[in-house]
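Counting convention: from 1, in listed order, for ligands and their atoms alike.
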Amino acid sequence: MPDFEEYTEEIKELWESHWLTNMGKKHKQLESGLLEYLNTPDITLFANGHLALECVIAAFNLTGEVITTPFTFASTTHAIVRNGLEPVFCDVNPNDYTMDMKKLESLITDKTCAIIPVHVYGNICNVKEIERIAKKHNLKVIYDAAHAFGVTVDGIGVANFGDASMFSFHATKVFNTIEGGAVTFKNSNLRKTLNDIKNFGITGPESVEYVGGNAKMNEFQAAMGICNLRHVDGEIGKRKAVVERYVERLSNINGIKLSKSQIGVKSNYAYFPVVFDGYKLSRDEVLEKLKAEDIFARKYFYPLTNSFECYKGRFDVEKTPVAKYIAERVLTLPLYAELALEDVDRICDIILKYNKARNECNLEVAAALARG
Ligand SMILES: *Cc1c(COP(=O)(O)O)cnc(C)c1O
């Protein structure tokens, strides 16, 4: 959060203008700030990331099947299903947990209309290969970039890949507007459609062309974003120090697998996922040991979206064995800018206390599953 005074200063003029929502001055200011920060051709803001994703899928007017990943937050899959589309789940690779390029193309049928991959934990998908496959089969690509705010690949902002990308500005994300989200896109014709869809499909004073919803970002959210954007680079810098300490403490421990940093990728240090595979303690045991000390790690992501109760009987989790394997063993450790390095040490001490005998690493199993 920004300083209280900084925020109240930012919202003061709302008491003069009485303009609280519907694309006001703060909204416009944040939009142009983000356009520059994300270095993207175009952007439009939303009430939250999930509605941003639902609206951009709707804007492409798709029908049929969408290839996506189950190793994500509920939002990705739900946004596809709530648009009347059929998700087809591609497995993830065991290195960075993004969509497995060796398995993607075989899932394409004549019903496939789009690919919705996830830059999970801020790890960037194989965007070149996805683009190649999408071009070849004439498919739209919409990235769930909820985790990837500010990440660049060889200097290119992540918002520039695919036909569109969705970002989340939820309170728990690297950059927040309390709740909020955005869609970045290349084709400028999309701007009007997205703006209409997020405003009830109203296209003119007396015309309603789409069955839209209400997904507008209000001025108080935008003001929070304006404040947070001023400090986001500093926040990411502090997160980097936390991650480096975790890496220093937890590297080269049998049974503990960390995410490798990707070549050419400038990270935002959004998450610190750790896979416990053949460690003295199971993932669930580590979670409990930490909880006993009032430290709250998360099983992120577990369960997989293709095993949710609401989809019971619809999908086969066994078709995404690597995602299943990782979901059963992964834990994201506490990570935020203000986390003191002494606390990182305390967390690592608790985990490493059990680093004694019995350690055979089973990651070969995950690699074998990936090979099929
Ligand atoms: C947070 C998140 C969303 C949804 O964003 P909200 O702003 O919370 O609606 C979607 N996908 C992923 C991967 C997320 O982490």
Side-chain angles (χ1 to χ4, degrees), residues 30 34 38 43-58 66-83 85 87 89-90 92 96-99 114-125 141-151 158-159 161-162 164-184 194 197-198 213-218 220-222 224-225 228-229 232 239 259 267-273 297-306 308 320 323 326-327 330-332 335-336:
L30 179 63
L34 287 171
L38 295 172
I43 188 168
T44 181
L45 307 181
F46 287 85
N48 59 59
H50 177 76
L51 286 174
L53 188 56
E54 276 200 23
C55 289
V56 66
I57 296 170
V66 175
I67 301 178
T68 186
T69 152
F71 191 67
T72 182
F73 188 54
S75 171
T76 324
T77 304
H78 287 350
I80 295 166
V81 174
R82 287 168 65 90
N83 267 288
L85 298 159
F89 292 100
C90 181
V92 298
D96 59 24
Y97 321 126
T98 63
M99 215 178 244
I115 310 171
I116 304 191
V118 181
H119 298 306
V120 65
Y121 304 131
N123 292 341
I124 303 309
C125 301
V141 178
I142 304 168
Y143 283 103
D144 180 332
H147 291 180
F149 184 84
V151 176
V158 73
F161 303 120
S165 297
M166 175 278 282
F167 291 85
S168 164
F169 309 148
H170 185 262
T172 56
K173 303 297 205 286
V174 165
F175 166 77
N176 87 82
T177 60
I178 310 170
E179 293 258 11
V183 171
T184 58
L194 284 167
I197 288 175
K198 75 174 164 196
N214 182 358
K216 301 183 302 286
M217 178 183 280
N218 70 48
F220 290 83
Q221 292 172 285
M224 189 65 137
N228 282 335
L229 194 56
V232 70
R239 285 172 169 272
S259 249
S267 176
N268 63 2
Y269 305 95
Y271 299 92
F272 195 75
R298 279 181 76 190
K299 294 190 203 178
Y300 199 65
F301 295 100
Y302 179 87
L304 296 177
T305 67
N306 55 0
F308 285 175
T320 53
I326 302 300
V330 73
L331 203 59
T332 53
L335 172 53
Y336 48 94

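- For ligand 1, the polar-atom distance check against Tyr271 finds no nitrogen or oxygen pair separated by under 3.5 Å.
- When Ala270, Ala52, Ser168 are checked for heavy-atom proximity to atom 7 (O) of ligand 1, Ser168 turns out nearest.
- Between Glu179 and ligand 1, no N or O atom pair is found at a separation short of 3.5 Å.
- In this structure, the protein non-hydrogen atom closest to atom 15 (O) of ligand 1 is His147 NE2, 2.8 Å.
- Evaluated for a side-chain hydrogen bond (donor to acceptor under 3.5 Å, both in side chains) with Ser75, the options His50, His170, Arg82, Glu54 yield exactly one hit, His50.
- Rounding to the nearest 0.5 Å places CG of Leu335 at 9.5 Å from OH of Tyr271.
- For the atom pair Phe169 CZ and Leu30 CG, the distance stands at 7.0 Å (nearest 0.5 Å).
- Counted by atom type alone, Lys216 and Asn214 present one or more donor-acceptor pairs between their side chains at under 3.5 Å.
- Contact atoms of ligand 1 toward Met166: 10 (C), 11 (N) (distance under 4.0 Å to a heavy atom of the residue).
- Contacts between Phe167 and ligand 1 below 4.0 angstrom, taking non-hydrogen atoms only, are absent altogether.
- At least one heavy atom of Tyr300 lies less than 4.0 angstrom from ligand 1.
- Distances between N or O atoms of Thr72 and those of ligand 1 include no value under 3.5 Å.
- Tyr97 and Tyr121 have perpendicular rings, their planes meeting at more than 60° on a 0 to 90° scale where under 30° would count as parallel.
- Residue contacts with ligand 1 include Gly180, since one of its heavy atoms falls under 4.0 Å from the ligand.
- Counted within 6.0 Å of CZ on Phe308, heavy atoms from surrounding residues, nucleotides or ligands total more than 12; the atom is thus considered enclosed.
- Checking side-chain atoms of His119 against main-chain N and O of Ile124 turns up no donor-acceptor pair under 3.5 Å.
- With respect to atom 11 (N) of ligand 1, the closest heavy atom belonging to the protein is Asp144 OD2, 2.8 Å.
- For the side-chain hydrogen bond (donor to acceptor under 3.5 Å, both in side chains) test with Asp144, the passing option among Thr76, Thr69, Thr68 is Thr76; the others fail.
- Every atom of ligand 1 is numbered from 1 in the order shown, and the set under 4.0 Å from a heavy atom of His50 is 4 (C), 5 (O), 6 (P), 9 (O).
- Of all the heavy atoms of Lys173, the ones lying under 4.0 Å from any atom of ligand 1 belong exclusively to the side chain.
- Not a single N or O atom of Phe301, backbone or side chain, sits closer than 3.5 Å to an N or O atom of ligand 1.
- Looking at Asp96, its side chain never comes within 3.5 Å of a backbone N or O of Cys125 through a donor-acceptor pair.
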